[in-house]
Amino acid sequence: MKKVFALLLAAAMLLSMAACGSSGSEAPASAPAEASAAEGSAAASAEAPADSEVAAIQAAGKLVVGITDFEPRDYKNEAGEWVGFDADMAKAFAESLGVAVEFVEIDWDNKIMELDGKTIDCVWNGMTLTDEVTSAMECSKPYCNNAQIVIVPAAVADQYQDAESVKGLNFAVEAGSAGEAAVNELGATATPVKAQSDALMEVAAGTSDAAVIDSLMAAAMVGEGTSYADLTYTVGLTTEEYGVGFRKGSDLAEKLNEFFAASYADGTMMKIAETYGVQAAIIAQ
């Protein structure tokens with residue numbers, strides 16, 4: 001009897017579905033963007049394993065990105081909105097996941113602690129792929145080339161044209177940065193400050209002889225037509241590559257690698273890079 005009832009119930013459901021399908025009202029051809037994003041997010045979450053950070057981000061509805069004020073990677077425009085090459089790429093990546101993006105300004109020296117403490121979901125701020133970083137984070141493939149370069153007052157630049165000549169200088173460096181590591185490797189004196197922009201302020205104020213910062217930042221902030229017209233860059237101390245860091249074991253890193261490959265192939269990555277003048281540094285994906 002139970003089997004007969006189950007068969008009758010199934011038949012009734014099929015008839016009901018058929019009737020709904022043949023009614024005059026049809027779903028609209030295209031759903032609102034918000035609904036589409038939500039559906040895509042839900043579908044992706046359903047396919048992801050239970051411990052997936054991709055699924056967790058989509059369930060939360062946002063990607064929290066740890067940054068510092070670092071033009072042209074991440075900085076605020078006149079409207080107070082975070083922009084820059086990394087900021088715009090992070091927005092595009094979040095959109096591809098069907099979530100919003102939230103930027104959190106962090107102390108760069110504490111980036112690993114912030115990540116492990118889950119106050120942020122990733123570190124995306126022109127981060128050099130050092131041994132410390134790659135051992136502590138699940139990192140993306142490199143996407144930009146960079147170098148650590150010496151910044152000095154333009155009036156004395158001719159005195160500092162090689163690594164040997166700058167060893168006796170007192171350097172301002174961002175704490176926990178590749179610039180600090182480069183100065184330590186050089187054997188020179190390093191005074192840690194909170195951000196690379198603070199290192200430039202120290203040199204401009206005369207409280208430090210020189211700074212070591214990323215070449216991409218120097219191109220945007222040092223020299224004629226910039227905020228630091230009286231400063232210039234001289235010696236290159238290192239060459240390096242940038243990557244994005246997630247928590248160890250996170251599947252977000254591979255998801256970002258897929259996004260990088262797609263955005264490089266369709267020209268989106270290069271278009272954003274050209275907006276901020278960093279196209280020469282882009283690494284083919």
Exercise. Go through the side-chain N and O atoms of Glu241 and Asn146 and say whether any donor and acceptor fall under 3.5 Å apart.
Key: no
Quiz item: Do Asp69 and Tyr75 get their side chains close enough for a donor-acceptor pair, meaning under 3.5 Å?
Solution: no
Quiz item: Is it true that Glu81 and Lys76 have a side-chain N and a carboxylate O under 4.0 angstrom from each other?
Solution: no
Exercise. Taking atom types as modelled, find out whether Thr234 and Gln161 have a side-chain donor-acceptor pair closer than 3.5 angstrom.
Key: no
Practice problem: Could you check whether the rings of Tyr242 and Phe70 sit parallel, tilted or perpendicular, using 30° and 60° as the cut-offs? | Solution: perpendicular
Exercise. Anything under 30° is parallel, anything over 60° is perpendicular, the rest tilted; go ahead and classify Phe103 against Trp82.
Key: tilted
Quiz item: Just by distance, with hydrogens left out, do Thr130 and Glu132 show a side-chain donor and acceptor under 3.5 Å apart?
Solution: no
Quiz prompt | Salt bridge present between Asp109 and Lys194 (N-O < 4.0 angstrom) | solution = no
Quiz item: Do Ile106 and Ile120 have side chains that get closer than 4.5 Å, going by heavy atoms?
Solution: yes
Quiz item: Does any non-hydrogen side-chain atom of Leu237 lie less than 4.5 Å from one of Val150?
Solution: yes
Quiz item: In this structure, are over 12 heavy atoms from other groups packed under 6.0 Å from Asp230 atom CG?
Solution: no
Quiz prompt | Gln58 side, atom CD; Leu97 side, atom CG - distance, nearest 0.5 Å | solution = 5.5 Å
Exercise. May I ask you to check whether Asp251 and Ser52 show a side-chain donor-acceptor distance below 3.5 Å?
Key: yes
Quiz item: Given side chains that start at C-beta, do those of Pro72 and Phe85 come closer than 4.5 Å, heavy atoms only?
Solution: no
